Protein chains: 2
Amino acid sequence: MVKKRVTITDIAHEMGVTPSTVSRALAGNTRVGSNTRQRVLKVAAQMGYQPNVLASSLRSGRSDTIGMVVPRINRHFFSHVISGVEALLNPAGFNLLIIQTHEREEHERKAVHTLLRNRVAGIIISHSVETKGFSHYQMVIDEGVPLVQFDRVTEQIVGARIVNDNFLGALRSTQHLIKNGCKRIAHFAGALHVNVYQERLDGYRYALEKAGIEYDPSLVVENCIIQEAGQEAVARIVLPKKVDGIFAASDLSALGAIQKLKELNKAIPGDVKISGFANEPFAEMVEPTLTSVEQNAFEMGNQVAKAVIESIGKDEPVSEEIHIPVRLIQRRSSGSDALLMNSVV
Amino acid sequence: MVKKRVTITDIAHEMGVTPSTVSRALAGNTRVGSNTRQRVLKVAAQMGYQPNVLASSLRSGRSDTIGMVVPRINRHFFSHVISGVEALLNPAGFNLLIIQTHEREEHERKAVHTLLRNRVAGIIISHSVETKGFSHYQMVIDEGVPLVQFDRVTEQIVGARIVNDNFLGALRSTQHLIKNGCKRIAHFAGALHVNVYQERLDGYRYALEKAGIEYDPSLVVENCIIQEAGQEAVARIVLPKKVDGIFAASDLSALGAIQKLKELNKAIPGDVKISGFANEPFAEMVEPTLTSVEQNAFEMGNQVAKAVIESIGKDEPVSEEIHIPVRLIQRRSSGSDALLMNSVV
DNA sequence: CTGTTAGCGCGTTCAA
DNA sequence: TTGAACGCGCTAACAG
């Protein structure tokens with residue numbers, strides 16, 4: 001037995017006024033008798049009235065829902081960004097419609113359409129690894145929906161971009177290895193068409209250059225961001241090439257390397273020094289503890305939310321890029337012990 | 001410069017037919033000339049038409065959005081449940097509106113109202129720790145919105161409940177400690193008004209009972225689920241009471257205990273054997289590796305999604321309770337080494 | 001098979 | 001300050 005939902009018309013009938021009056025009273029700021037407003041509010045409350053935001057949005061053309069597209073929700077980094085976004089968006093009266101792409105370009109395309117169909121007030125996105133074309137964002141631009149990219153971004157799309165300082169993180173990380181005595185440093189990279197991995201490679205190269213170490217492309221392992229890839233790279237590159245340091249673009253591949261090296265009775269940091277990226281929770285639990293670059297995912301989420309809220313209402317998108325500072329956390333895998341070094345941007 | 005969104009009326013004008021015809025063609029299953037349908041689809045595509053689901057839902061009374069309320073998105077367990085839910089819901093044509101409560105009862109109440117206002121087709125919820133009253137769900141029931149609870153549930157609300165087999169997990173875990181020689185086993189419990197923690201306590205007690213070990217309430221530490229609480233409990237209970245085994249309702253408090261015990265030069269598992277709950281990723285990284293009860297969060301999400309989809313369309317809610325099997329993962333902290341024991345339900 | 005009509009619930013004119 | 005009327009975009013009933 002389903003009770004009918006109560007509408008402003010029901011309230012109006014109950015009180016002997018018109019729906020317009022009720023609507024105005026509920027809206028708050030429009031002109032209506034202050035005693036009538038009180039009565040409306042009281043009757044609405046006791047009738048259990050819940051405004052129909054669908055009808056409201058349809059009529060007003062405004063929506064309080066913001067869409068968010070992420071590769072995967074169940075990743076430490078992304079779930080924390082989401083959390084940071086929500087922390088600011090909810091108090092501001094917005095809700096989050098979240099869609100995962102599972103790193104598939106086609107899913108990303110569909111997700112954007114879904115959000116458009118839901119008439120979201122804005123779209124937040126971090127691109128999937130697969131995504132190389134961005135034509136499906138033309139419609140977002142055309143319809144004037146604010147678009148904020150974070151972490152994995154492209155300059156091919158106008159609008160705000162919130163990114164980690166990948167270059168600086170990589171630079172500091174590699175410099176740290178050099179300072180601790182590494183001469184032949186390998187880099188476990190990701191897919192280089194993705195900005196974050198390209199930037200980390202750039203930072204790595206720049207550190208070598210500044211230290212006068214020649215860049216050796218054969219020491220760069222592409223698509224090496226998962227655990228298994230890290231393990232595999234040890235046998236294929238690290239040992240044969242007599243590598244004494246690894247800067248991994250991902251904590252997972254760094255972990256894989258640690259496991260494999262321990263298995264082969266290599267000493268860490270004695271024989272090989274290692275640093276990762278992202279400062280996953282396990283970094284301080286693994287043996288030896290893993291030096292890593294900390295990303296402030298929650299803060300990134302906050303900035304993303306701020307950017308969306310600012311974009312809404314503005315006519316023209318602003319293509320500003322905001323860098324979230326990163327921090328090198330030195331641990332034992334690189335020969336340091338519980339020291340903290342703050343990198344300055 | 002914002003282009004106007006194209007509507008079915010635009011398409012209709014373009015083609016010289018009525019909006020109804022376009023609507024029917026787009027809907028797919030209703031009677032319409034197959035050649036007209038082709039033309040409509042083509043024109044719609046080339047005009048970049050995106051249906052307005054707000055208008056559609058308002059008119060049809062049906063919504064393809066499902067609301068989900070969780071304590072926190074950025075927790076390993078919850079983010080994986082969400083992922084599991086999405087995995088089934090998206091292919092079925094539903095979207096997820098996610099709201100966090102941050103463990104606050106008031107936020108939970110607001111979240112439910114927000115979802116109701118958004119006219120979601122169903123609501124999925126795991127209650128906040130604070131939540132003790134459930135009166136705000138009466139409106140959900142009254143409006144006939146299917147309600148599925150998971151993990152943290154209450155029987156005070158009708159509808160499907162998807163839960164872990166906390167009792168069995170606790171039972172097996174405690175039995176395992178007993179089998180490995182523990183005589184005085186402490187239990188790090190959570191807030192006992194929350195079903196999951198009460199059930200884990202019950203399983204612990206039942207294991208003791210079956211083994212003929214007297215239950216000692218002073219060995220139960222309430223609200224001991226975070227790292228610091230685990231550390232603190234070592235000094236306050238574990239050592240003074242000569243405890244030789246700890247069954248923790250949370251991996252985090254188990255971790256805290258490990259840290260503190262190591263700090264005090266106690267041997268694990270030599271002096272104290274420890275097992276946790278949830279099998280967080282760090283469980284296999286910490287030293288010694290942590291025995292824990294694995295919850296299949298993704299599978300739970302799948303079951304939740306299934307239950308919601310089934311509930312939608314049904315007139316009356318069914319109060320079925322589904323148990324997701326758990327598995328004891330034996331590791332070194334309890335004196336076992338890389339063994340697996342599957343618990344049978 | 002297609003057009004006509006009506007209305008989902010709300011917000012915003014224009015009058016009074 | 002309030003009421004009447006209209007329409008956001010779409011679906012659904014009823015004709016034809």
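Just so it is clear, the structure is predicted and the values come from calculations on it, not from any experiment. Here is how names work: the chains are called A, B, and so on, in the same order as the sequence lines, proteins then strands, and each is numbered from 1.
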task = Check B/Val129 against B/Arg152 and note the closest heavy-atom contact, atom names and distance.
result = N-NH1, 3.3 Å
query = Considering the terminal five base pairs at each end of the helix from C/dC1-D/dG16 to C/dA16-D/dT1, what angle separates the two local helix axes, rounded to 10°?
reply = 40°
query = Taking everything shown except B/His13 itself, do over 12 heavy atoms lie less than 6.0 Å from its NE2?
reply = no
Between [atom2] on [N] and [atom1] on [X], what's the gap in Å once rounded to a whole number?
{"X": "B/Arg39", "N": "C/dT2", "atom1": "CZ", "atom2": "C1'", "value": "13 Å"}
{"X": "A/Ile11", "N": "C/dC10", "atom1": "CD1", "atom2": "C1'", "value": "12 Å"}
{"X": "B/Met15", "N": "C/dC1", "atom1": "CE", "atom2": "C1'", "value": "14 Å"}

task = Would you please classify the geometry between the B/Phe78 ring and the B/Phe150 ring as parallel, tilted or perpendicular, with 30° and 60° separating the classes?
result = perpendicular
task = Return the orientation label for the A/His76 and A/His80 ring planes: parallel under 30°, perpendicular over 60°, tilted otherwise.
result = tilted
query = Are A/Arg109 and A/Glu105 close enough for a salt bridge, meaning some N to O gap below 4.0 Å?
reply = yes
query = Is a side-chain N or O of A/Ser126 found less than 3.5 angstrom from the main chain of A/Val70, in a donor-acceptor match?
reply = no
query = Counting distance only, does the side-chain N/O of B/Ser57 pair as donor-acceptor with the main-chain N or O of B/Leu54 below 3.5 Å?
reply = no
inquiry  = Between A/Thr36 and D/dT2, is there a contact of a side-chain N or O with OP1 or OP2 at under 4.0 Å?
reply    = yes
key: Option among A/Glu321, A/Glu155, A/His127 that satisfies the side-chain hydrogen bond (donor to acceptor under 3.5 Å, both in side chains) test with A/Gln149   = A/His127
request  = Going 5' to 3' through nucleotides 8-16 of chain D, assign each nucleotide B (protein heavy atom under 4.0 Å from a base atom), S (under 4.0 Å only from sugar-phosphate atoms) or - (no protein heavy atom that close).
outcome  = BBBBBB---
